[in-house]
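One structure below.
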Protein chains: 2
Amino acid sequence: MATLTGGGEPSATVKTVAAHAGVSAQTVSRVLRGTGYVSEETRTKVLAAVTAVGYHPNAVGRSLRAARTPMVGLLITDITNPFYASLHKAVEAVFRERGLTLMLLNSDDDRDTERQQLELLRSYRPSGLLLAPAVHSSLTTDDLAGFGAAVLVSRTLRGLSVPSVVTNEPEAMGEATRTLLDAGHRRIAAVLGPQDASTTVRREAGYREAVLAAGAEPLVCYTDQTGPGARTAIRHVLHTHAGITAALGFNAPVTEGILAGLRDEGLRCPQDVSLVGFTDAPWMAFYPPPITVVRQPVEAMGRLAAQLVLDMVDGKPVAAEPHVVPGTLLRRESVVAPSSRSLTSPSSTQR
Amino acid sequence: MATLTGGGEPSATVKTVAAHAGVSAQTVSRVLRGTGYVSEETRTKVLAAVTAVGYHPNAVGRSLRAARTPMVGLLITDITNPFYASLHKAVEAVFRERGLTLMLLNSDDDRDTERQQLELLRSYRPSGLLLAPAVHSSLTTDDLAGFGAAVLVSRTLRGLSVPSVVTNEPEAMGEATRTLLDAGHRRIAAVLGPQDASTTVRREAGYREAVLAAGAEPLVCYTDQTGPGARTAIRHVLHTHAGITAALGFNAPVTEGILAGLRDEGLRCPQDVSLVGFTDAPWMAFYPPPITVVRQPVEAMGRLAAQLVLDMVDGKPVAAEPHVVPGTLLRRESVVAPSSRSLTSPSSTQR
DNA sequence: CTGAAAGCGCTTACAG
DNA sequence: CTGAAAGCGCTTACAG
């Protein structure tokens, strides 16, 4: 059996290069950074020496001297949520162009893990931070001092006076709800995220306002915003509240969970239960039926949030009020008029 | 309008703490790292000083002295591919436990971006690297020297003699193909990934062997392994090859794209075209019909790959041969016997 | 246009 | 059990 172990000969430094080129270390530094005047001859000599000795710059040395690392943290709750994966991709593209590294950190939506990860990030002396706070986050404005540029994305947090980028959740959720009301639905279940998350609060507000304006009764349940959680939740609400003919999904995983739960109960979408999701996913476009959904502009949110961080890094003033990027309702085929089934109890259709 | 700019007062260092506690800097260091003998009294004094002056360790200083950063890179092609998102999550969990930071890098499946990102990672003097190489990667074993511990995940690369973690792709793909053959299908389209990717090569081999053993004709097409790419590809192959009654999807996004393409063509799954996917996704379990799929053990692959890096970091020997984690076929409802439609041209069903 | 000196924050030998 | 000294690799003033 062939085996390998971690190797590692001492690597070349600016000094090695300097010695090889017959110049000083800071001349090497000047050539590499492209700053200050260097004669063309010296420049060529140095570059030749760089390849000759196989020199690779050491970011750690540079960062120590510069007091800041050209790195921005992105602290989210779960990378397997496609919304955050797309957010990471959009943010990374902006930063890469500017020569900044993006460091991804997972909080698992846990308050202590969040603090721990933030402490880790802080130890690298990053230039900035993009943060989607954990549900019961204990972070304060003081905790975010020292990150220089800090910006909230998607979720906000009471008492954190930091710029933020969000969607027009109340309006978008209101529109989604009215789509169902207009189709004739009166008993519409809203399957939301964690009760105290700002995203839940804002989306619930839009839902309640629309439902109450139509003289209907709000039917909400809270979940951990995962598919399995939503699957259990929708089944429970169907059993405890008779006559539900429509549902609203908090995010893409929750919308998945609702469809799974409906299937568990032997209910069809949209014939038995109409559905509107919040946050699009590729499969929703060709699912039978294609799912009507509020498209969250995740790329735009990511780019804007990244730009705010860059502006703050550059010392430009940034508005402290939330920056709102509007979502749009994509009308597909998962909403139809309620059927007569709505009058029978769901348990009668179970096997 | 309230405005904020990036702040940042000079932060406390070990010296600040030392002065406050009336001890030396390296005593502070000893207390913080928990190494060597320190009297209980000194220890208490130092810890009090740490909170008093608001000290936060600087990883940059530590890394410079230690020559290695407690950081491992994970270089993948696209974080919005759920397989890689889950891989990141699994790997991160293992490393977090060991106090290692995971740094996510995107290559966009581009050879130059891959080199660029690797160079960036190298500048941080990381302790290791987990790599899913780009399709036309130009990396050599030499390029990976200096990363100490390097391990390939999911994809391998000819000429790279580095430990790797893969699935039993030929066997699993063979089994998936035989499921379709056994149901009576003879014209089975395999919608694969990029032609030169090791994953494509291995899965195609399993497909071809099974098809040829059954005396049928292989029908393969290559894609960029994204949903939109697969959507175009399946439509094209349906038009150029008459009588196709079944399809095999290379990964989750490709399986999505196949379903979208079938819908475009007015074809139903499974009545008109049976389907088997490679790599599971949550929505596949309750899609109508639930999709039969080869489940890739992504968490197990991630944990194993992470463990190999840890072993190499610890100087333990690691087998250079590929480490194979077996996938399993999940039989759901997207495979049925071919119908008579198979005798009509797909264009006749278009509107 | 180029170089000698100092220091970023930390930890590793080496002395007491 | 504790401290004075040196140095990790780089870049920033400061001189020539």
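First the proteins, then the strands, lettered A, B, ... as listed; each starts at 1. Keep in mind it's a predicted model, so treat the numbers as computed, not measured.
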(request) Taking all heavy atoms of B:V72 and all of B:L129, pick out the closest pair and write down the distance. (result) CG1-N, 3.9 Å
(request) Quickly, which of A:L144, A:L157, A:V151, A:V153 forms a side chain to side chain contact (heavy atoms under 4.5 Å, CB included) with A:L131? Name it, please. (result) A:L144
(message) Given B:E92, which partner from the list B:T101, B:L102, B:L104 fulfils the side chain to side chain contact (heavy atoms under 4.5 Å, CB included) test?
(response) B:L102
(message) For B:A25 and A:A25, find the nucleotide of DNA chain D closest to each by heavy atoms; which residue's nucleotide sits nearer the 5' end?
(response) B:A25
(request) Report the residue (B:R43 or A:N58) whose heavy-atom-nearest nucleotide on DNA chain D is the more 5′ of the two. (result) B:R43
(request) Identify the 5'-most and 3'-most nucleotides of DNA chain C with at least one atom closer than 4.0 Å to a non-hydrogen atom of chain B. (result) C:dG9 to C:dT12
(request) Please say whether more than 12 non-hydrogen atoms of neighbouring residues, nucleotides or ligands are located less than 6.0 Å from CZ in B:R43. (result) no
(message) Students often get this wrong, so: under 4.0 angstrom with heavy atoms, is A:V60 touching a base, only sugar-phosphate, or nothing?
(response) nothing
(request) Name the nucleic acid region contacted by A:T42, choosing base, sugar-phosphate or nothing; use a 4.0 angstrom heavy-atom cut-off, strictly under. (result) sugar-phosphate
(message) Need to verify one output field. Residue with the more 5' nearest nucleotide on DNA chain C, A:S24 or B:V14?
(response) A:S24
(message) Given A:K89, which partner from the list B:D78, B:D108, B:N106 fulfils the side chain to side chain donor-acceptor pair (under 3.5 Å) test?
(response) B:D78
(message) I'd like to check the salt bridge (charged side-chain N to carboxylate O under 4.0 Å, His left out) partners of A:R33; sequence neighbours left out, ordered by chain and number.
(response) none
(message) Do A:S138 and A:R115 pair up side chain to side chain, a donor and an acceptor below 3.5 Å, judged on atom types alone?
(response) yes
(request) Give the C-alpha distance, both sets of side-chain angles, the deciding distance and a yes or no for side-chain contact (heavy atoms from CB on, under 4.5 Å) between B:Y55 and B:V28. (result) CA-CA 11 Å; B:Y55 172 74; B:V28 174; 5.5 Å; no
(message) Stem finding on DNA chain C, please: runs of three or more consecutive Watson-Crick or G-U wobble pairs, both distances under 3.5 Å, sorted by first number.
(response) C:1-3 with D:14-16, C:5-12 with D:5-12, C:14-16 with D:1-3
